[in-house]
Amino acid sequence: MSYLDELNDVQRKAATHINGPIMVLAGAGSGKTRVLTFRIAHLIEKGVDPFHILSLTFTNKASREMKTRISRIVGDGMSKSIWMGTFHSVFSKILRFEADRIGYPSNFTIYDSDDSKSLLKTIIKELNLDDKVYKPSLIQRRISSAKNGLINATEYQKDTIIYNEDVQAKKPMLGKIYGIYENRCFKAGAMDFDDLLFKTNILLKTNADILFKYQEKFKFIMVDEFQDTNFAQSNILKMLAARHENICVVGDDAQSIYAFRGANIQNILQFKSLYPDVTTYKLEQNYRSTKTIVEAANHVISNNKEQLQKDVWTHNDQGEQIKLIKCLSETEEGSFIANEILELKTRDSCNEDSFAILYRTNAQSRALEEALRKRNIHYRIYGGVSFYQRKEVKDILGYFKMCINPNDEEAFKRILNYPARGIGKTTQDKIIVAASEEGKSPWEIVLNLDQAHLPLTAAVKTKINEFVYLIRSFQVMAAEKDAYEVGSHIASATGILREFYADKTPEGVSRYENIQELLSGMKEFSEIALEEDEEDAKNPRALGVFMEDVALLTDVDNKDAKDDDQPKVSMMTIHSAKGLEYPYVFIAGMEENLFPSQLSVNSRSELEEERRLFYVALTRAEKKAFISFASTRFKYGSMNYCEPSRFIGEIDPSLIESPAIQKTLKRELTKPAGFKLADHIAPRKLVKPIGSSGSALGAADMAKLEIGTKVKHERFGNGEIVGLEGEIPDRKATVEFRGVGKKQLLLKFAKLQILES
DNA sequence: AGTATCGTCGTTTTT
DNA sequence: CGACGATACT
């Protein structure tokens with residue numbers, strides 16, 4: 001049992017506690033993954049059959065890491081039978097297995113968010129609704145949160161509270177859209193991301209025998225990042241664990257940063273009331289960071305009201321103070337960071353791998369990138385458009401999907417006329433409409449084209465039939481051959497590969513490479529699957545198997561291997577940095593309305609989430625953290641003045657390298673508003689940001705406006721009042737915006753800021 | 001049918 | 001500002 005010696009006292013207690021509900025509250029850098037892996041190893045050593053262990057993580061990467069770590073302790077053979085993966089991948093596996101119980105085919109396709117958005121768009125159009133009012137992205141979010149709350153379309157439509165909300169939001173048809181959407185997904189044999197959890201709930205709730213089966217199978221359940229689970233997930237856990245109550249959740253409420261997509265921090269805060277006899281272990285010793293960083297992070301997070309008591313500490317050195325960098329613009333911010341990296345590299349003789357630049361939004365990466373590129377510093381951006389979401393990849397995947405599940409409406413639309421085969425949009429619309437009217441899938445319509453009586457010319461019908469014939473030939477092949485063979489056949493038979501090969505523009509080349517990469521991934525899949533052949537009776541190398549979890553993969557998983565081993569600075573959003581650590585961490589763009597995000601400043605709970613996000617950012621650093629902010633920043637093409645983030649003022653001044661700066665900042669931050677920053681560069685200073693920025697003017701501020709007053713509008717930029725009419729509070733202003741022209745604005749709605757000339 | 005031009009909208013964050 | 005979609009034109 002030598003591995004247990006590697007644990008500290010609490011870690012060991014948590015890892016060796018076998019039965020009953022357990023909650024491990026793990027502060028940042030306190031070795032929670034280690035506890036989880038050792039606990040699994042320990043269970044196995046104590047005679048628990050790995051077959052009875054379920055281990056859920058939040059990302060594929062985390063699950064893969066854990067898998068390798070466990071294999072190293074207990075051996076490959078043992079670790080192989082543990083069910084380990086993300087919620088989505090594990091439950092999609094179960095859903096495929098039990099699909100018939102909920103009326104789904106086991107080869108259902110998974111709609112990614114683009115697919116579901118596109119389906120919503122078609123539905124909105126079919127209902128003749130205005131897509132300015134019924135914005136697909138909004139509708140999508142609303143439906144998603146309904147599903148996360150386990151509310152189906154019928155319940156949604158019956159719920160008067162929800163209905164009133166929708167009426168108030170001028171979207172009374174939302175329930176209807178939800179209903180149609182659900183139905184269309186069902187007809188297409190498709191599930192969206194939320195369905196994977198939602199339908200699992202239904203499956204387990206309505207089939208006592210299946211629930212029993214999995215309760216008995218998963219006698220020991222482990223959940224990582226528990227603070228990020230949503231209601232649908234926690235409910236699944238509750239059901240599965242109900243019989244044996246051997247559930248071990250690990251998490252840190254201070255690092256809950258996914259509430260925006262339904263994660264419910266109450267799951268961890270209230271875990272105790274769900275399992276009164278829970279044993280709680282607190283991992284409070286931080287092994288990652290310096291005292292400075294730990295103290296700063298503690299200080300910041302103590303401003304949150306909702307949290308579990310924890311006292312993170314470390315034996316590590318005090319370390320260097322946090323360096324605060326004040327810049328004039330985002331360009332300068334980039335330069336500062338880049339220069340700092342160059343300096344540290346020499347001084348500490350470390351390479352680029354030691355650095356990470358973290359930011360709140362992806363849009364910030366551009367200016368930072370430029371600065372690095374200029375100095376020839378190699379970097380890598382994590383996140384962004386995932387490989388499997390690239391157009392060319394999705395197009396090919398569309399063909400694959402049609403082989404597995406031809407009822408997939410989104411795949412059908414995607415490839416019907418791609419590559420161009422003379423089946424235009426009008427024709428496509430006719431097919432889709434006919435399908436939706438008859439409650440069939442588009443594929444079923446084209447299969448029996450003559451019976452559909454569509455007003456189509458003979459020429460078009462021929463083309464459609466050729467398309468049908470082509471797809472069928474692919475389907476036949478997919479049933480027999482392995483994934484790689486089918487894949488490369490499709491890529492060349494459709495002419496897609498040739499098209500990109502001929503295209504010598506950089507985009508064309510990159511598309512070609514992406515297709516090649518997809519194919520080589522399939523080749524690898526086919527070869528690996530070949531080795532593990534005995535397991536399954538059916539063809540494990542089949543395209544269908546390959547496609548099963550493609551939708552759930554992100555590129556982070558894929559990239560590691562192919563990247564050359566040149567050291568690189570890592571750049572990513574704070575969200576994607578969770579779980580990672582770097583000696584030097586730069587947190588860029590620490591400004592009000594950016595971090596914390598503008599959308600969060602009006603609610604306490606959202607603000608607390610932003611603060612947790614900052615906590616996560618800080619605690620990524622091992623040796624030293626840098627915090628930078630700019631006083632101006634481009635946003636939507638126009639320049640904005642920024643105030644330093646309130647979070648900066650929440651760090652104890654003694655922990656900051658330039659106390660002078662921070663002291664001034666503190667004074668500024670405690671004042672209501674209107675202090676000046678960097679007045680030596682500001683061509684026009686912000687005298688009074690009225691109201692909290694992002695809201696409309698109050699009556700008192702309206703009265704201050706007169707002809708000639710300079711104002712700023714969120715979207716139109718800077719302008720000058722050239723006319724005023726009407727009485728407060730219904731006063732209307734005519735504003736001449738630079739480069740935009742005159743606009744009439746109703747002051748009680750328009751989000752204006754008053755500027756001094 | 002395919003291209004060109006114009007308008008719009010948005011920035012949180014991801015499975 | 002830049003990406004993307006919708007409309008208009010050829």
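In the text below, chain A, chain B and the rest are named by the order of the sequence lines, each starting its count at 1. Since this is a predicted model, take the numbers as computed values, not measurements.
- Considering only side-chain atoms of Y258(A), the nucleotide from dT15(B), dG2(B), dT14(B) that sits closest is dT14(B).
- Across all strands, F58(A) comes closer than 4.0 Å only to sugar-phosphate atoms, never to a base (heavy-atom distances).
- Interatomic distance, I236(A) CD1 to Y214(A) OH, rounded to the nearest 0.5 Å: 12.5 Å.
- Comparing G424(A) and L613(A) by the nucleotide of DNA chain B that holds the closest heavy atom to each, the one mapping nearer the 5' end is G424(A).
- Atoms CG (N362(A)) and C1' (dG10(B)) sit 13 Å apart, rounded to a whole Å.
- Between D429(A) atom CG and dA1(B) atom C1' there is a gap of 14 Å when expressed in whole angstrom units.
- Of the candidate nucleotides dG2(B), dT14(B), dT15(B), dT15(B) has the atom lying nearest to any side-chain atom of H88(A).
- Between dA1(B) and N417(A), no contact under 4.0 Å exists linking OP1 or OP2 to a side-chain N or O.
- Taking the six-membered ring where the residue is Trp, F647(A) and F595(A) present perpendicular rings, their angle passing 60° and hence far from 30°.
- Donor-acceptor pairing under 3.5 Å is recorded for the side chains of T361(A) and Q364(A).
- Counting to the nearest Å, the P atom of dT13(B) and the OH atom of Y382(A) are 18 Å from each other.
- Contact between the side-chain N/O atoms of K135(A) and the OP1/OP2 oxygens of dG10(B) is found at a separation under 4.0 Å.
- The CG atom of D192(A) sits 18 Å away from the P atom of dT14(B) (whole-angstrom rounding).
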Might you work through the side chain to side chain donor-acceptor pair (under 3.5 Å) test for Q255(A) and E225(A), ending with a clear yes or no? CA-CA 9 Å; Q255(A) 296 186 64; E225(A) 309 281 16; over 6 Å; no
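- A residue-by-residue look at F193(A) and R141(A) shows that R141(A) has its nearest nucleotide of DNA chain B further toward the 5' end.
- Whole-Å rounding puts the I110(A) CD1 to dT14(B) C1' distance at 15 Å.
- Between the side chains of S116(A) and Q140(A), at least one donor N or O lies within less than 3.5 Å of an accepting N or O.
- Rounded to an integer number of Å, the gap from CG of L580(A) to P of dT14(B) is 12 Å.
- In summary, the side chains of D192(A) and Y181(A) do present a donor paired with an acceptor at a separation below 3.5 Å, with no hydrogens or angles considered.
- Remark: aromatic rings of F58(A) and Y258(A) are close, center separation under 6.0 Å.
- A distance-only check finds a donor-acceptor pair linking the side chain of Q307(A) to the backbone of I301(A) [under 3.5 Å].
- With distances taken from any side-chain atom of S113(A) to the nucleotides dT11(B), dT15(B), dG10(B), the minimum falls on dT15(B).
- Relative to the six-membered ring of Y418(A), K391(A) misses at least one condition, a distance below 6.0 Å or an angle of at most 45° to the axis.
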Summarise how protein sits on nucleotides 1-10 of chain C as a single string, 5' to 3': B when a protein heavy atom is under 4.0 Å from the base, S for sugar-phosphate-only contact, - for no contact. BSS-------
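- Listed pair S600(A) / dT13(B) fails the phosphate criterion, with no side-chain N or O lying under 4.0 Å from OP1 or OP2.
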Given Watson-Crick or G-U pairs with both distances under 3.5 Å, what dot-bracket string fits DNA chain B, with | for other-strand pairs and [ ] for crossing? ||||||||||.....
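- The shortest distance between side-chain heavy atoms of K463(A) and T427(A) does not fall below 4.5 Å.
- Nucleotide dA1(B) holds its C1' atom 15 Å from the CZ atom of R421(A), rounded to whole Å.
- Nucleic acid contact for S89(A): none, since no nucleic acid atom lies under 4.0 Å from a heavy atom of the residue.
- Distance N593(A) CG to dT13(B) P: 16 Å, rounded to the nearest Å.
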